[in-house]
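Each chain gets a letter, A, B and so on, in the order its sequence line appears, and its residues count up from 1. Because only heavy atoms are used, hydrogens play no part in the values below, and waters and symmetry mates are left out as well, while side chains stay in.
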There are 2 protein chains.
Amino acid sequence: MVAQRGQRGRRGAARQADTPDADNAPTAEMPAVPVNGAAADPVRAKAIPEAAVARLAVYLRVLSAMAEQGATTVSSEELSAAAGVNSAKLRKDLSYLGSYGTRGVGYEVSVLVGHIERTLGLTRKHKVAVVGIGNLGHALANYGGFPGRGFPVEALFDLDPDLIGVPVGGLPVSHLDEIPKVCAEREISIGVIATPPTAAQSVCDRLVAGGVQCILNFAPVVLQAPPHVEVRKVDLAVELQILSFHVARRADEEAGVNGVANNGMVVRS
Amino acid sequence: MVAQRGQRGRRGAARQADTPDADNAPTAEMPAVPVNGAAADPVRAKAIPEAAVARLAVYLRVLSAMAEQGATTVSSEELSAAAGVNSAKLRKDLSYLGSYGTRGVGYEVSVLVGHIERTLGLTRKHKVAVVGIGNLGHALANYGGFPGRGFPVEALFDLDPDLIGVPVGGLPVSHLDEIPKVCAEREISIGVIATPPTAAQSVCDRLVAGGVQCILNFAPVVLQAPPHVEVRKVDLAVELQILSFHVARRADEEAGVNGVANNGMVVRS
DNA sequence: GGGTGTGAACTACTTCACAGCT
DNA sequence: AGCTGTGAAGTAGTTCACACCC
């Protein structure tokens, strides 16, 4: 029970964002956090929509690849095609950063890269801890300094006594009980949960106790965390089930087409 | 310049959804596919919003857990709390399935489970192929029959000659070149790409050639696929960068509070 | 001509609030 | 009295379309 009437627009307890996302919908399931500070803080300039933030990360990757191949400028048309969005959306997204394009020409790749990195807070390092060194945790730990640097893995945790002290990807595994202490000492800012679902909430609590600011949760549970901690989840089961839904929908539609031949009337099953 | 006027609402080329939500995320980032058949097909009943579909999968998990613990009915308040959403949203989501609750009482757990499963197309099995048996692929293959059954892994592929023929999780690895043939033979409907980014597009093409209907892409690239193939991506780098953005935003806000003391004027960096 | 930047229109999603069933 | 189901209102995100600049 949550019950909080008369709290219009207030942010309640459990927030949880999606990957994909929403996105990972992709996307389309975004956190209830007031990203648009507009109402919250009228002084501050318009905040960047959450959906745009996710895409900025994609643009950044595409731009980096382009820079490596020696490109110095891009048009919104080119960049948007490479990023899989339409050009209007791209331009609007970039406009949140300010006006850094040249009309009639396009954008300078290096300038854009710099601005996106700054906006996403990538000018600073974010230390990562991985909890749960099973199959997935192993994979994550071995990424060894996550994507494009900037996200060094600096702590590993597990429950299994046989794993404690064993180096994985060059870093020894510590016990779950050490999470608060070690995270605080090493100033971990992002905790990645790759444990079985039963352990996830307790791990989450310990990460929070250790002062972690963000959590990326691979365990299939809804985590409860204080509002100042940003939680995002990556949920394989949900992704597969969404795909399953689309398969089913497609099948239905085909049936529907036949139904239409049937006098244009389709009976709801 | 007119491009395609009078094509309002038409779906363009590259679609890509997020995990997230929204997307992942975050990732409020949903596909441009006309899920709401409303305009596309006025005959058909209102389709379920993409965002709701992602949540239905979560409700299903929560309900299954509740059923295991012997619960027979739930109220929207209880279920929504457990799923981390508010009750209005939950009720709206469930209403897309039809009216299966009892006013004054709540929902019968088993009935709801059945309806959600049917809606998500989980009454049918969806065979999965995992491509790229590296760290992540290994982890995925060992999941051995994905979440709650219904998603059996029935083919594995890699490029590495040392891996070909080696059984992983009880299933021998085949070569990438075999993808179209094997997928067709075994009637694979979901392909999971866990390869390095450079290989991903070619793998995607082969999966499509093999008649795969959906792709879950873990490689950090934007895939190009025909419109009848549903692609979702799970992008670790993007997730981390979104978290990074929120850390930065939070830091800014604190600075902002100080800034306000400074005459209410905050200079944009 | 070519391409950005952006208000305005539109679409999708969320939340409110209450009628109506049990 | 309690809780669902849902129109209506509100908010977030997308797309259009064109002014403006190079």
Side-chain angles (χ1 to χ4, degrees), chain A residues 1 3-12 22-23 25-36 38-39 46-55 73-80 85-108 112, chain B residues 1-12 22-23 26-36 38-39 46-55 73-80 85-108 112:
Chain A
M1 268 212 304
Q4 13 151 231
R5 203 49 54 79
Q7 292 244 43
R8 303 180 151 238
R10 262 295 143 283
R11 280 51 207 60
D23 161 354
T27 357
E29 176 184 325
M30 288 283 108
V33 177
V35 173
N36 287 315
K46 254 219 175 53
I48 303 177
E50 180 83 12
V53 172
R55 288 188 300 264
T73 61
V74 256
S75 67
S76 62
E77 208 61 63
E78 292 170 295
L79 182 49
S80 67
V85 302
N86 68 11
S87 61
K89 196 188 283 182
L90 176 107
R91 286 200 304 278
K92 184 137 282 211
D93 288 345
L94 293 185
S95 78
Y96 295 122
L97 311 181
S99 296
Y100 299 114
T102 309
R103 291 167 196 234
V105 179
Y107 302 89
E108 199 173 327
L112 224 43
Chain B
M1 236 239 305
V2 176
Q4 10 134 246
R5 202 54 53 77
Q7 292 245 49
R8 307 181 149 237
R10 262 295 144 280
R11 281 57 204 53
D23 12 57
T27 350
E29 173 186 325
M30 286 285 106
V33 177
V35 173
N36 287 316
K46 256 223 173 48
I48 303 177
E50 180 83 13
V53 172
R55 287 188 299 264
T73 62
V74 257
S75 67
S76 62
E77 209 60 65
E78 292 170 295
L79 181 51
S80 67
V85 303
N86 69 11
S87 62
K89 196 189 283 182
L90 176 109
R91 287 200 301 280
K92 179 70 73 176
D93 288 346
L94 294 184
S95 78
Y96 294 122
L97 311 181
S99 295
Y100 299 115
T102 310
R103 289 166 197 235
V105 179
Y107 302 89
E108 199 173 328
L112 224 43

Can you check the A/Tyr100 OH to C/dG5 C1' distance for me, whole Å?
-> 14 Å

In whole angstroms, the gap separating C1' of C/dT14 from CZ of B/Arg91 amounts to 13 Å

Give a yes/no on whether any side-chain N or O of B/Thr102 is located under 4.0 angstrom from OP1 or OP2 of D/dT4.
-> no

Roughly how many Å is it from NZ in B/Lys89 to C1' in D/dA12, rounded to a whole number?
-> 12 Å

Apply side chain to side chain contact (heavy atoms under 4.5 Å, CB included) to A/Ser76 and list each qualifying residue two or more places apart in sequence or on a separate chain.
-> A/Ser87, A/Leu90, A/Arg91, A/Tyr107

Close side-chain approach of B/Leu79 to B/Leu112, heavy-atom, < 4.5 Å | yes

Spell out yes or no: do the side chain of B/Arg103 and the base of D/dT4 have one donor N/O and one acceptor N/O closer than 3.5 Å?
-> yes

Nearest of D/dT6, D/dC16, C/dT4 to any side-chain atom of A/Ser75?
-> C/dT4

Rounded to whole angstrom units, what separation is found between the CD1 atom of B/Ile48 and the P atom of C/dT14?
-> 13 Å

Which residue lies more 5' along DNA chain C, comparing A/Lys92 with A/Gly104 via nearest heavy atoms = A/Gly104

Taking only residues two or more places apart in sequence, or in another chain, which ones meet A/Ser95 in a side chain to side chain contact (heavy atoms under 4.5 Å, CB included)?
-> A/Lys92

D/dG2 C1' sits how many Å from B/Glu78 CD, rounded?
-> 13 Å

Starting at atom OH of A/Tyr107, determine the distance to atom C1' of C/dG3, rounded to an integer number of angstrom.
-> 8 Å

Rounded to the nearest 0.5 Å, how far apart are CG of A/Asn86 and CD of A/Glu77?
-> 9.0 Å

Rounded distance in Å - CG (B/Asp93) to P (C/dT14) | 7 Å

For the pair made of CZ in A/Arg55 and C1' in D/dT15, what is the distance, rounded to whole Å?
-> 12 Å

Side-chain N,O (B/Ser76) to OP1/OP2 (D/dC3) below 4.0 Å | no

